[in-house]
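Keep in mind that this is a model prediction, so the values were computed, not measured. In what follows, every chain begins at residue 1, and chains take the letters A, B, ... in the order their sequences are listed.
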Number of protein chains: 2
Amino acid sequence: MTANSSGARRPRASTAKAVAERAGVSVTTVSRVLSGHADAIPQETQDRVTAAAAELRYRPNSLARALRKGSTQTIGLIVPDISDTYFHQVARGVEDVAQAAGYMVIFCNTDRLAAKEQSCLDLLCDKRVDGIIFCGGGLDEEKHLSSRDWAGAAVVAIGPHVLDVPAVRVDDAAAIGSAVEHLAATGRRHILCVAGQPDWLITRQRLAGYRAAVRRLGLDGNPQLIRYAGFASTHGHDAVTQALASGVVFDSVIAFDDYAALGALQALREAGLHVPGDVAIVGCDDIPFAALACPPLTSIRFPTYDFGATAARMVLDMLNGKEFQHVVEFPFELNVRASTAVTAHTCERDPLRR
Amino acid sequence: MTANSSGARRPRASTAKAVAERAGVSVTTVSRVLSGHADAIPQETQDRVTAAAAELRYRPNSLARALRKGSTQTIGLIVPDISDTYFHQVARGVEDVAQAAGYMVIFCNTDRLAAKEQSCLDLLCDKRVDGIIFCGGGLDEEKHLSSRDWAGAAVVAIGPHVLDVPAVRVDDAAAIGSAVEHLAATGRRHILCVAGQPDWLITRQRLAGYRAAVRRLGLDGNPQLIRYAGFASTHGHDAVTQALASGVVFDSVIAFDDYAALGALQALREAGLHVPGDVAIVGCDDIPFAALACPPLTSIRFPTYDFGATAARMVLDMLNGKEFQHVVEFPFELNVRASTAVTAHTCERDPLRR
DNA sequence: TTGTATGCGTTATCAT
DNA sequence: ATGATAACGCATACAA
């Protein structure tokens, strides 16, 4: 046996045929009884089939069934990175709803790379998933998607997306706008904006909200205040460090992601600046840690679990041919905490700085 | 069309047959060319087939292929809760390795419930996944697993598990032991232990480490110091609150999970106690936020991403009939931070307490 | 009430 | 070098 010849032969599970033989009926009858189309079959026969199936521990092969019925009871979930708090809350919502409906979910990490997204989609379609949920994967340039063949899958998006498909979303621009307003109301005028990469749709949406609010409120519109970074802690850290080095003046930070906000917080500490005394910070997504940070982080909360649950329900509704709302917009909520307090924060000697 | 009749018929993707007709060959030839068994086929024919396939955007139906080949290129991942930092880091590791090998991964949340686990396993086996990775799902009582039929899947476990299968793990008892030693070395003698539920294997392992170290070091062995809670922030919070109410004396806390540790931290704050001045805290898993907490949390770090990546590689190796190490034990690392500092921590007025 | 036969889309075996 | 044909395991139209 060569190293490549997939080892031991896979033990064959019992089939409908085996059950049929054991029960002394045909496979048709077995299928009927076990799939609920047993109206016309006498109880006695049903019992024999059920018993035989149980003895043989028979379970229908879902590949064969899917091939025949054209439905796999499977949903594909496309996320940039499942190990990001935002996305795994969404993932949990998707899986809960799916599991309750007897569906399973395949997830793929794309790292916001079009190439990875493409190959995952190919594989998902090859597997004939019944539905595909895009979450946060929206790139600016997505010609690789617009002309795609979805193999008949029900496609739904969470958040901004180039595809014109049913979607769940929030008003990202308004959300950021409300954060900017909050900062302005607490006396800040120079807001450093730690954004994502410029070709991410989410960046564009949120940035639009930032710009509009800054203009509307007459705040400092210096383009140097906008830093294209990313959504990881290190990105926020580096963006702030560089901003400080560049000498641009700012009295507050708005980060488009809580991880980035926490990184920013750390960078400010390292620079000897006090939060919120010297600089206020607002984050995005309100991950569970935001409230536990020091100081607790003001953040915009989105109902991420509900995003996922709702998107999954949309897919199910499409599949069942049910009517449903094609665009569901969820509310956001600015959770104000100490990181944007007005009064000077009488902070201890910072343990991080030793 | 009734509401239940799954809406519009699914558009049928192009098949090998269509490609064959277009290229003027048989399906056999198509299959040969496109599956790499084209040694004996002249380039000219190959080109014709390839061109036809491209024009028709043909992709092999992986259900049919799987049915025929007995392999689905799919791995099932069983976790208690994907929205827990620990598990989604594992999940990312699994998916990265799987994706690189052309496999996809289906994940299921069990909430540590045997019933959910069972039904997920049934579905996974029905789908003929090639491999199954158990992560953190280990319950004490698992008779529902021992006699199971895995439908030929390669089974691997991450962490303690009743199943005698290839596994990746750490020495949980030793890890907790080292944390206890650290606390003892910094002068603590009454360690409150915030454990998981008593029927979780992970609880048993870690608790054994705690008990052994306490005995070995002659620390306070009061059984009241052990609180069976859970791994969520609220569990840690409530456990500490109840411990305080019960009057049991403790000068430190070891939580079997960082979320629980952070909850404990919050409860201590609310009770007006100082960390680490009055009570030291050690957590488990060293989630990214542990270092950002206030005070930064001492925690035991496990290479969770590697757990997942390694488990996935094990599955792949089993599938390919390759030799591999059946038990991989990873090292742990106690990251000492301010929450267990010896010197009284000169803390500011705590912003949380206002 | 039940069974036979066919097809779902591949891959593999055996011919030619 | 290539093509019929037979599985893979199930569900269903059509017979009986």
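Comparing C:dT1, D:dA1, D:dA6 against the side chain of B:R68 picks out D:dA6 as the nearest.
Closest heavy-atom contact between B:I82 and A:H88: O-CB, 3.6 Å.
Whole-Å rounding puts the B:D39 CG to C:dA12 P distance at 13 Å. A:R12 has its CZ atom 6 Å from the P atom of D:dC8, to the nearest Å. In this structure, B:H37 places its NE2 atom 16 Å from C1' of C:dC14, rounding to the nearest Å. Between the CZ atom of B:R65 and the C1' atom of C:dG9 there is a distance of 11 Å, rounded to whole Å. Whole-Å rounding puts the B:K17 NZ to C:dG9 C1' distance at 10 Å. Between B:Q73 atom CD and C:dT10 atom P there is a gap of 16 Å when expressed in whole angstrom units. In this structure, B:R32 places its CZ atom 10 Å from C1' of C:dC14, rounding to the nearest Å. Here the P atom of nucleotide D:dC10 and the CG atom of A:L67 are 12 Å apart, to the nearest Å.
B:S62 comes within 4.0 angstrom of nothing in the nucleic acid, heavy atoms only. When heavy atoms are screened at a 4.0 angstrom cut-off, A:T15 is found touching the sugar-phosphate backbone but no base atom. Residue B:R59 is classed as a sugar-phosphate contact, given heavy-atom separations below 4.0 Å to backbone atoms only. Within the nucleic acid shown, B:T28 comes within 4.0 Å of at least one base atom, counting heavy atoms only. Here A:V30 lies out of heavy-atom contact (under 4.0 Å) with every strand. If you check every strand for non-hydrogen atoms under 4.0 Å, A:V27 touches nothing.
Side-chain contact, A:T110 with A:E117: no donor N or O sits under 3.5 Å from an acceptor N or O. In this structure, a donor-acceptor pair under 3.5 Å is absent between the side chains of A:D122 and A:Q118.
The side chain of A:S31 contributes no N or O atom lying less than 4.0 Å from OP1 or OP2 of D:dC10. For the OP1/OP2 pair of D:dA1 and a distance below 4.0 Å, the side-chain nitrogens and oxygens of B:T29 include no atom meeting the criterion. Under 4.0 angstrom from either OP1 or OP2 of C:dT2 there lies no side-chain N or O belonging to A:S26.
Nearest-nucleotide mapping onto DNA chain C: of A:G24 and B:L63, the residue sitting toward the 5' end is A:G24. Between A:N61 and B:T45, the residue whose closest nucleotide on DNA chain D is further toward the 5' end is B:T45.
Between atom OG of residue A:S14 and atom CG of residue A:L56 there is a gap of 4.5 Å, rounded to the nearest 0.5 Å.
Salt bridge annotation for B:D126-A:R59: present, with a cationic side-chain nitrogen under 4.0 angstrom from a carboxylate oxygen.
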